[in-house]
**Q** 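Sharing a structure below in structure tokens format, with a few things to ask.
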Amino acid sequence: MPELPEVETMRRGIGFLAGRRIAAAEFPRGPVRPILVEPRPATVVRQIVGRTIGGVERRGKRILIGVAAGAGRPRQWLVIEPRMTGRFATTTPPTAGHVRLVLRLAVHADLPAAVVCFWDLRGLGTIRLVDDQGLERLCGPDRLGPDGLTVTAADLVTGLGDSRRAVKVALLDQRAVAGIGNIYAAEILHRAGIDPRSPCWRLGAEAWERLARETRRVLAEAVRCEGSSIGDETYKTADDRPGRFQRRHRVYGRAGQACVGCGTSVVRIVQAQRSTFFCPQCQRRPGARPARRSKLPRAGRMA
DNA sequence: CGTTCAACCTGGGCGC
DNA sequence: TGCGCCCAGGTTGAAC
């Protein structure tokens, strides 16, 4: 679920952690299988309790909680990947059984004690405690490309210009551009008027410009809307409010419904084992000929 | 290089 | 009610 806008909303929702001391940390054992934690939960607890949080950052779809150096320990990072159903809660989490991490903050100045939970229904999320070197390995430029909020056409051309892949599949490649997922790939391509099946190498300069511009625009607008909440409980802000960008979805999840631009029925196809939604009228392949008007041969071409 | 498939998980929805 | 099947915001690795 969480793509860049949702993760950025999470980051803002737990930004108040900055400057506060971790009084306690727990990895509760629920009724479901535990998620991936590295190193072992007991080790993470031992290393972070008593230390101060430097700040909360985002890299692509990951949350970074900086743990300040101290007591003979180097600076470290709690890297949390929400994957499909992970999220934070500063109020009551949706279920007690899927709480994966609890951070309890010490009383600080006039700030009261507070609690932040990481909750994950399906449990595909991950929690890692790494040092600067580990962070580089996990979230460095080899793994994550330029951020989607600021990506340029030149970035996209550099990363994908020669790719033979379909552009929708390529946009999900976090090494090319970080933060786009299945929902926003569909919405970006619709707004850019590009067929998701187009191979990257067929796109021209103006198509890459539109793609970069719509990527920035759609993601920024979705951040302002605090992300997309679809159906169930899985994504909400840290203080339990649903996002609002789902109301502005033009194609995602709208198969069979009329395209808001032209009224044509939105189509669902499968690419790389994932659903792709698009409007076959508004999103045409570059180089594909517009619908034939007439079957008559063109004048002047043939003798 | 690119695609396809399976895996990792839980739970909701649908047809029978 | 229950069972079987398909679906879901992500990522990774193996096989072809």
Side-chain angles (χ1 to χ4, degrees), chain A residues 1-10 29-38 58-63 79-88 93-100 118-128 137-139 142-145 148 159-188 196-202 218-219 222-223 225-237 242-246 248-249 251-256 268-277:
Chain A
M1 157 237 196
E3 307 180 28
L4 186 153
E6 291 78 26
V7 179
E8 175 60 19
T9 304
M10 293 177 194
R29 298 298 314 268
V32 293
R33 293 181 58 83
I35 66 169
L36 185 151
V37 177
E38 282 178 2
R58 176 185 61 78
R59 296 260 181 108
K61 302 175 190 171
R62 290 151 199 196
I63 289 285
V79 179
I80 301 180
E81 267 185 290
R83 297 275 176 103
M84 295 288 269
T85 52
R87 63 126 145 163
F88 291 88
T95 61
H98 303 87
V99 172
R100 313 298 183 151
F118 177 66
W119 180 90
D120 186 358
L121 178 64
R122 288 174 67 180
L124 301 176
T126 66
I127 300 175
R128 291 185 170 91
R137 235 179 297 118
L138 218 53
C139 304
D142 285 352
R143 305 297 292 281
L144 297 178
L160 303 174
D162 296 330
S163 171
R164 321 303 281 179
R165 285 179 291 179
V167 62
K168 150 63 161 46
V169 176
L171 284 178
L172 298 179
D173 183 345
Q174 302 300 300
R175 288 167 307 190
V177 46
I180 299 174
N182 214 34
I183 293 178
Y184 296 102
E187 297 301 316
I188 289 164
R197 298 165 295 184
S198 313
C200 291
W201 65 275
R202 299 271 280 155
V218 167
L219 294 177
V223 168
C225 291
E226 299 181 294
S228 302
S229 291
I230 298 177
D232 53 29
E233 287 284 306
T234 45
Y235 170 69
K236 288 196 177 168
T237 62
R244 300 177 304 282
F245 193 74
Q246 66 279 3
R248 309 203 189 180
H249 289 181
V251 285
Y252 184 83
R254 298 190 66 247
R268 172 187 180 270
I269 60 173
V270 173
Q271 293 180 288
Q273 284 72 246
R274 312 196 64 192
S275 292
T276 296
F277 299 90

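In this text the structure is predicted, and so the values were computed from the model without any measurement. Naming convention: chains lettered A, B, ... in sequence-line order (proteins, then strands); numbering from 1 in each chain. Just so you know, these numbers use all the heavy atoms, side chains as well, and skip hydrogens, waters and symmetry mates.
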**Q** Over how many whole Å does the gap from Asn182(A) atom CG to dA8(C) atom P extend?
**A**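 Value for this atom pair: 8 Å.
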**Q** For Thr234(A) and dA8(C), is the shortest distance between a side-chain N/O and OP1 or OP2 below 4.0 Å?
**A**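 No, no such contact exists.
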**Q** Let me spell it out: for each of Gln273(A) and Arg164(A), pick the nucleotide of DNA chain B with the closest heavy atom. Which residue's pick is nearer the 5' end?
**A**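 Going by which nucleotide is closer to the 5' end, it is Arg164(A).
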**Q** Give the nucleotide from the list dC9(B), dG11(B), dG10(C) with an atom nearest to the side chain of Leu121(A).
**A**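 From the listed options, dG11(B) comes nearest.
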**Q** Let me know the distance between CD1 of Ile230(A) and C1' of dC7(C), rounded to the nearest Å.
**A**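 About 12 Å, once rounded to whole Å.
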**Q** Within the supplied structure, the quantity of interest is the number of heavy atoms (other residues, nucleotides, ligands) at a distance under 6.0 Å from Arg175(A) CZ; does it exceed 12?
**A**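 Not more than 12 within 6.0 Å, no.
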**Q** Please report whether the ring centroid of Phe245(A) lies less than 6.0 Å from that of Tyr184(A).
**A**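 Yes; Phe245(A) has its ring centre under 6.0 Å from that of Tyr184(A).
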**Q** Please tell me which of the listed nucleotides, dT11(C), dA8(C), dT12(C), lies nearest to the side chain of Ser275(A)?
**A**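 So the nucleotide nearest the side chain must be dA8(C).
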**Q** Do Glu81(A) and Arg128(A) meet the salt-bridge criterion of a basic N to acidic O distance under 4.0 Å?
**A**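 A salt bridge is present here (some side-chain N lies under 4.0 Å from a carboxylate O).
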**Q** Check for a donor-acceptor pair, side chain of Glu38(A) on one end and backbone N or O of Ile127(A) on the other, with a separation under 3.5 Å.
**A**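 Side chain of Glu38(A) to backbone of Ile127(A), a donor-acceptor pair under 3.5 Å: no, none is there.
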**Q** Measure the distance from CD1 on Ile35(A) to C1' on dA7(B) and round it to the nearest whole Å.
**A**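 That distance rounds to 17 Å.
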**Q** Tell me: CG of Leu124(A) to P of dA7(B), nearest whole Å?
**A**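 Nearest whole value for this atom pair: 14 Å.
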**Q** Rounded to the Å, how far apart are Arg197(A) CZ and dT3(B) P?
**A**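 Rounded to whole Å, this separation is 15 Å.
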**Q** Taking CZ from Arg122(A) and C1' from dA7(B), how many angstroms apart are they, rounded to a whole number?
**A**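 Result: 11 Å.
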**Q** Evaluate side-chain hydrogen bond (donor to acceptor under 3.5 Å, both in side chains) for Thr237(A) paired with Glu226(A), printing each intermediate quantity in order.
**A** CA-CA 7 Å; Thr237(A) 62; Glu226(A) 299 181 294; 5.4 Å; no
**Q** Arg274(A) side chain N/O closer than 4.0 Å to the phosphate oxygens (OP1, OP2) of dG10(C)?
**A**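 For dG10(C), OP1/OP2 do have a side-chain N/O of Arg274(A) under 4.0 Å.
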**Q** Hey, does the side chain of Thr85(A) reach the backbone of Asp120(A) with a donor-acceptor pair shorter than 3.5 angstrom?
**A**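 It does not hold such a pair.
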**Q** Leu36(A) CG to dT12(C) P: how many Å, rounded?
**A**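 Distance, rounded to whole Å: 12 Å.
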**Q** Nearest to the side chain of Arg62(A), heavy atoms from C-beta on, is which of dC8(B), dT12(C), dA8(C)?
**A**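 That would be dT12(C).
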**Q** Could you work out the separation of dG11(B) and dT11(C) based on their P atoms and round it to a whole Å?
**A**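 Rounded to whole Å, the distance is 22 Å.
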**Q** Would you give the length of the straight line joining atom CZ of Arg165(A) to atom CG of Leu160(A), rounded to the nearest 0.5 angstrom?
**A**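 The distance works out to 6.0 Å.
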**Q** When you measure from the side chain of Tyr252(A), which nucleotide among dG2(B), dA8(C), dG10(C) comes out closest?
**A**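 Of the candidates, dA8(C) comes closest.
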**Q** Taking dC8(B) as the reference, what is the distance to dC3(C) when you measure between their P atoms (whole Å, please)?
**A**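 That atom pair is separated by 23 Å.
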**Q** Residues from residues 166-181 of chain A sitting under 4.0 Å of DNA chain C, heavy atoms only?
**A**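 Gln174(A), Gly181(A), in order of number.
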**Q** Arg83(A) side chain N/O closer than 4.0 Å to the phosphate oxygens (OP1, OP2) of dT11(C)?
**A**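 Answer no for this pair, as no side-chain N or O of Arg83(A) is under 4.0 Å from OP1 or OP2.
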**Q** Reckon His98(A) has a side-chain N or O less than 4.0 Å from the OP1 or OP2 of dG11(B)?
**A**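 So the side-chain polar atoms of His98(A) do come within 4.0 Å of the phosphate oxygens OP1 or OP2 of dG11(B), strictly under.
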**Q** Tell me the interatomic distance from Trp119(A), atom CH2, to dC9(B), atom C1', rounded to whole angstroms.
**A**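 Going from CH2 in Trp119(A) over to C1' in dC9(B) covers 12 Å.
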**Q** Any chance you could measure Met10(A), atom CE, to Lys236(A), atom NZ, to the nearest 0.5 Å?
**A**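 One gets 13.0 Å once the value is rounded to the nearest 0.5 Å.
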**Q** Taking the P atom of each, how far is dC6(C) from dC5(B), in whole Å?
**A**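 Each nucleotide's P atom is 14 Å from the other's.
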**Q** Nearest to the side chain of Arg143(A), heavy atoms from C-beta on, is which of dT12(C), dG2(B), dC9(B)?
**A**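 Closest of the options to the side chain of Arg143(A): dT12(C).
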